[in-house]
K.L.:
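Have a look at the structure that comes next, please.
Just so we're on the same page: letters track the sequence lines, and every chain starts at 1.
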Amino acid sequence: MLKQGFIAELVARIDELEGSNVRVCGWLHSVRDVGRIKFLVIRDRTGTIQAVFKRGCCDEEKFRRAGKLRLETVLCVDGELVRGRTKEGVELRARDYAVLSEPVEPLPLEPATSHEAGLATRLNYRWLDTRNPRVTGIFIVEAAVARAFREYYRERGFVEIFTSKIVAAGTESGAEVFPVIYFGREAYLAQSPQFYKQMAVIGGFERVYEIGPVFRAEPHHTTRHLTEYHSLDIEMGFIEGPEDVMREVEGFFRRVRSDLLGDQVTRSVLEMYGIDDIRIPREIPRITMREAYKVLEERYGKKLPYGEDLDPEAERLLGRYASEEYDSDFIFVTEYPWGSRPFYTMRLESEPDWTTGFDLLYRGLEVVTGSQREHRLDRLMANIRDKGLEPESFKFYLDFFKHGAPPHGGAGMGLERIVMQTLRLGNIREARLLPRDPERLTP
RNA sequence: GCCGCGGUAGUAUAGCCUGGCCUAGUAUGCGGGCCUGUCAAGCCCGUGACCCGGGUUCAAAUCCCGGCCGCGGCGCCA
């Protein structure tokens, strides 16, 4: 290996390494050439360190050139690690350096200040944008959320599954699908693993989870939609009602909170974004849709037609309600109207206009959707007809229910939305390394 | 898909309403120079831009139309 270790590690080990020779590899972050002494700041993913070049430190030609290196040059500097009056408290007394790669044209984006550039420019040059620690931090948080998801559900007896993303039929929600040509036949990119995760539960796994991409061919132009995003899905059998699913969702968000706040690296990212806490009370408040209509109208003067879905403003207001009334960043909205839920949702036994469907709002944005699913074949077919659909077109799905299906339910969560809301990002594209939207297909 | 706003050097912006004073200003980057402890380094010199197409006008960065792209809101969704 050319590189001995991350800069932050070297800095942290100063007591042990002081006075010894180390090699620092990374990108040239800044140059302050003061004549006979030159300061080069080297950056890697973990931090920066200042390398000091004094006349006589190395051969004259190399010394002269050190002050002329372009920003973002990739290099390794050898030298003695010493304490210094720098921000890190540590600096490198340089003896030699090797340039590994130099920029061949002017930088279209300056990494140090990339977060001040327009988002379109940043995305066009994502490989420069992500050299900014504020930006890398987003994806370190994203990785931590994904890891928390896998660990939490594995510990809770769920099995990770990997379902196909090339499917024969558009699935459930009526969202537009991307067609693909599959050996001459028409196929689609999966818009959700919904049917397959239910199949896995019915197939005896009982409890499953999956992290995977999903595709929506909707021409949205908003700060919270992507045409490709990551869905965190769970599905579990032998439940008594949607509350069993909600409890598992709630536990996961508690885990996200404790992981993010408990780890020094993710905690410092949160601090960069001015986030000092993620508020989850002893129990996340729950409000039925029918109560929500009332709260919205009486408290905020927001009138929603009875039986209608929440619009974005209503979501924001309920987020505010959770914050003011319960000191919570989260609120479950339950018992969604049948009219705004997909056919596989189980309806309430005594009030079939309302369902077991729920959403979880995080700081006023929907990040989770779930429900108990209808596992009784006759009811399921009736629900399909009730939606004006043809049971024949869902034959492959309905077949799952013919050979013994336990009562079950589950939820789908948007990874990028969770990250966006956690860091209070203004646009979901920031939370995705390579976002796809109706206009953007590269890089 | 609908509605609104916008597109000026590599980047971020000023100028546009009220056309001529724009040879298009500023910061940063980039190129060169000075400086032995800088850390938002400093100082000096230089470089570099009006999205594309059409129209109005003596004259267009500025006004009008179309296209493309961007930003935001809505519908729909996670």
Side-chain angles (χ1 to χ4, degrees), chain A residues 29-41 48-57 63 67-72 82 84-89 91 93 103-125 128-129 132 172-176 191-194 213-233 249 308-316 336 340-342 359-362 365-370 411-421 426-429 431-432 437-440:
Chain A
H29 188 65
S30 74
V31 178
R32 292 185 286 273
D33 184 345
V34 194
R36 304 232 167 75
I37 184 164
K38 305 174 198 309
F39 302 93
L40 273 61
V41 177
T48 56
I49 188 168
Q50 173 169 282
V52 186
F53 288 76
K54 287 187 182 169
R55 166 155 280 165
C57 69
F63 173 72
K68 306 284 176 211
L69 292 173
R70 295 187 197 179
L71 299 186
E72 300 305 314
V82 296
R85 293 191 302 274
T86 59
K87 273 183 242 152
E88 300 83 14
E91 63 185 12
R93 209 171 277 161
V104 297
E105 53 179 62
L107 298 171
L109 186 65
E110 293 160 55
T113 55
S114 75
H115 59 281
E116 292 166 11
L119 186 55
T121 306
R122 294 173 50 193
L123 295 175
N124 286 340
Y125 298 98
L128 293 175
D129 188 37
N132 183 323
E172 81 284 10
S173 66
E176 290 296 315
Q191 55 172 231
S192 157
Q194 182 62 35
V214 294
F215 306 90
R216 305 277 165 104
E218 298 282 348
H220 299 122
H221 294 98
T222 77
T223 52
R224 58 187 189 285
H225 289 95
L226 296 164
T227 54
E228 179 190 18
Y229 68 92
H230 271 77
S231 184
L232 308 180
D233 275 277
V249 170
E308 283 288 297
D309 205 348
L310 301 175
D311 62 26
E313 189 194 12
E315 288 186 11
R316 287 190 288 270
Y336 267 68
S340 61
R341 286 286 162 155
D359 275 8
L360 178 64
L361 307 184
Y362 180 13
L365 178 70
E366 173 187 347
V367 295
V368 179
T369 289
M413 330 189 196
L415 176 61
E416 292 82 356
R417 281 196 177 182
I418 293 170
V419 173
M420 169 170 85
Q421 292 307 92
N427 193 316
I428 197 165
R429 281 157 250 241
R432 180 136 183 109
D437 64 35
E439 279 74 37
R440 179 174 292 277

K.L.:
Side chain to side chain contact (heavy atoms under 4.5 Å, CB included), that's the test. Do A/Val41 and A/Arg32 meet it? Break it down for me.
P.N.:
CA-CA 8 Å; A/Val41 177; A/Arg32 292 185 286 273; 3.6 Å; yes
K.L.:
Using atom C1' of each nucleotide, how far apart are B/C35 and B/C45 to the nearest Å?
P.N.:
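Their C1' atoms lie roughly 16 Å apart.
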K.L.:
Select one nucleotide: of B/C77, B/U36, B/C74, the one nearest the side-chain heavy atoms of A/Thr222.
P.N.:
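Nearest listed nucleotide: B/C74.
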K.L.:
Phosphate oxygens OP1/OP2 of B/C74: is one of them under 4.0 Å from a side-chain N or O of A/Arg224?
P.N.:
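So the side-chain polar atoms of A/Arg224 do come within 4.0 Å of the phosphate oxygens OP1 or OP2 of B/C74, strictly under.
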K.L.:
Measure the spacing between CD1 of A/Ile428 and CG of A/Leu365 and express it to the nearest 0.5 Å.
P.N.:
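Those atoms lie 7.5 Å apart.
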K.L.:
Name the nucleic acid region contacted by A/Val368, choosing base, sugar-phosphate or nothing; use a 4.0 angstrom heavy-atom cut-off, strictly under.
P.N.:
sugar-phosphate
K.L.:
Within less than 4.0 Å of OP1 or OP2 of B/G29, is there a side-chain N or O belonging to A/Arg70?
P.N.:
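No, outside the criterion.
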K.L.:
Produce a footprint string for nucleotides 9-14 of chain B: one letter per nucleotide, 5' end first; B if the base is under 4.0 Å from any protein heavy atom, S if only the sugar-phosphate is, - if neither.
P.N.:
-BSS--
K.L.:
For nucleotides B/G20 and B/G33, find the distance between their P atoms and express it as a whole number of Å.
P.N.:
41 Å
K.L.:
Let's see if you can work this out: which of B/G1, B/C39, B/C76 has an atom nearest to the side-chain heavy atoms of A/Gln50?
P.N.:
B/C39
K.L.:
Scan every strand shown for a Watson-Crick or G-U wobble partner of B/G20, both distances under 3.5 Å, and answer none if you come up empty.
P.N.:
B/C58
K.L.:
What nucleic acid atoms does A/Asn427 come within less than 4.0 Å of, heavy atoms only: base, sugar-phosphate, or nothing?
P.N.:
sugar-phosphate
K.L.:
Name the pairing partner of B/C30, where a pair is Watson-Crick or G-U wobble with both distances under 3.5 Å, or state none.
P.N.:
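Check on B/C30: paired to B/G46, both distances under 3.5 Å.
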K.L.:
Using a 4.0 Å heavy-atom cut-off, does A/His230 contact any base of the nucleic acid, only the sugar-phosphate backbone, or nothing at all?
P.N.:
nothing
K.L.:
Within the structure shown, what part of the strands sits under 4.0 Å from A/Leu71 by heavy-atom distance: base, sugar-phosphate, or nothing?
P.N.:
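If one applies the 4.0 Å heavy-atom cut-off, A/Leu71 turns out to touch the sugar-phosphate alone, with no base involved.
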K.L.:
With rounding to the nearest 0.5 angstrom, report the NE2 to OG1 distance, A/His220 to A/Thr227.
P.N.:
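Here the interatomic distance stands at 10.0 Å.
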K.L.:
Let's test this: given Watson-Crick or G-U wobble pairing with both distances under 3.5 Å, identify the partner of B/G1.
P.N.:
B/C74
K.L.:
Assign A/Arg432 to base, sugar-phosphate, or nothing according to its heavy-atom contacts below 4.0 angstrom with the strands shown.
P.N.:
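It contacts nothing in the nucleic acid.
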K.L.:
Determine the Euclidean distance between corresponding P atoms of B/C65 and B/C5; express it in Å to zero decimal places.
P.N.:
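Per the computed distance, 11 Å lies between those P atoms.
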K.L.:
With a 3.5 angstrom cut-off on both distances, give the Watson-Crick or G-U wobble partner of B/U13, or none if there isn't one.
P.N.:
B/G25
K.L.:
Could you tell me whether A/Lys54 contacts a base, only the sugar-phosphate backbone, or nothing, with contacts defined as non-hydrogen atoms closer than 4.0 Å?
P.N.:
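Contact class for A/Lys54: base.
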K.L.:
Any side-chain donor-acceptor pair under 3.5 Å between A/His230 and A/Arg432?
P.N.:
yes
K.L.:
Check every strand shown and say whether A/Val367 touches a base, only sugar-phosphate, or nothing at a heavy-atom separation below 4.0 Å.
P.N.:
sugar-phosphate
K.L.:
Roughly how many Å apart are B/A61 and B/G15, using the C1' atom of each and rounding to a whole number?
P.N.:
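Roughly 8 Å separates the two C1' atoms.
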K.L.:
For A/Glu228, which contact category applies under a 4.0 Å heavy-atom criterion: base, sugar-phosphate, or nothing?
P.N.:
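Touches nothing.
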K.L.:
Nearest to the side chain of A/Thr223 - B/G72, B/C35, B/G75?
P.N.:
B/G72
K.L.:
Please measure how far the P atom in B/C52 lies from the corresponding atom in B/U26, and state the result in whole Å.
P.N.:
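Looking at atom P only, B/C52 and B/U26 are 24 Å apart.
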K.L.:
Begin from the C-alpha positions of A/Lys38 and A/Asp33 and carry the test side chain to side chain contact (heavy atoms under 4.5 Å, CB included) through to its verdict.
P.N.:
CA-CA 4 Å; A/Lys38 305 174 198 309; A/Asp33 184 345; 3.1 Å; yes
K.L.:
Quick check for you: among B/A78, B/C35, B/G73, whose closest atom lies nearest to any side-chain atom of A/Arg417?
P.N.:
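Selected nucleotide (nearest to the side chain): B/A78.
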K.L.:
To the nearest 0.5 Å, what is the distance between NE2 (A/His115) and CZ (A/Arg122)?
P.N.:
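Interatomic distance, A/His115 NE2 to A/Arg122 CZ, rounded to 0.5 Å: 8.5 Å.
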K.L.:
Given the P atoms of B/C3 and B/G67, what is the spacing between them in whole Å?
P.N.:
12 Å
K.L.:
Please report the interatomic distance CG(A/Leu360) to CD(A/Glu366), rounded to the nearest 0.5 Å.
P.N.:
9.5 Å
K.L.:
Measuring only the C1' atom in each nucleotide, how far is B/C68 from B/G32? A whole number of Å is fine.
P.N.:
40 Å
K.L.:
Tell me whether the side-chain N or O atoms of A/Glu91 pair up with the base of B/G37 as donor and acceptor below 3.5 Å, since no angle test is needed here.
P.N.:
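Answer is yes: a donor-acceptor pair is held.
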K.L.:
B/C69 C1' sits how many Å from A/Asp437 CG, rounded?
P.N.:
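A/Asp437 atom CG is separated from B/C69 atom C1' by 11 Å.
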K.L.:
Please evaluate the base of B/C76 for a donor-acceptor partner in the side chain of A/His225 within a cut-off of under 3.5 Å?
P.N.:
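Yes, a donor-acceptor pair under 3.5 Å.
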K.L.:
Tell me if the CZ atom of A/Arg440 is crowded by more than 12 foreign heavy atoms within 6.0 Å.
P.N.:
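Check passes, neighbour count above 12.
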K.L.:
Is the closest side-chain heavy-atom distance between A/Ser114 and A/Leu128 below 4.5 Å?
P.N.:
no
K.L.:
For a quick check, tell me whether the side chain of A/Arg440 and the base of B/C69 share a donor-acceptor pair closer than 3.5 Å.
P.N.:
no
K.L.:
Does any N or O donor sit under 3.5 Å from an N or O acceptor when you compare the side chain of A/Arg36 with the base of B/U36?
P.N.:
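Side chain to base: no pair present.
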K.L.:
Verify side chain to side chain contact (heavy atoms under 4.5 Å, CB included) between A/Leu415 and A/Tyr229, making sure each step is shown before the conclusion.
P.N.:
CA-CA 7 Å; A/Leu415 176 61; A/Tyr229 68 92; over 6 Å; no
K.L.:
What distance, rounded to whole Å, do you find between the two C1' atoms, one in B/C22 and one in B/A78?
P.N.:
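To the nearest whole Å, 50 Å.
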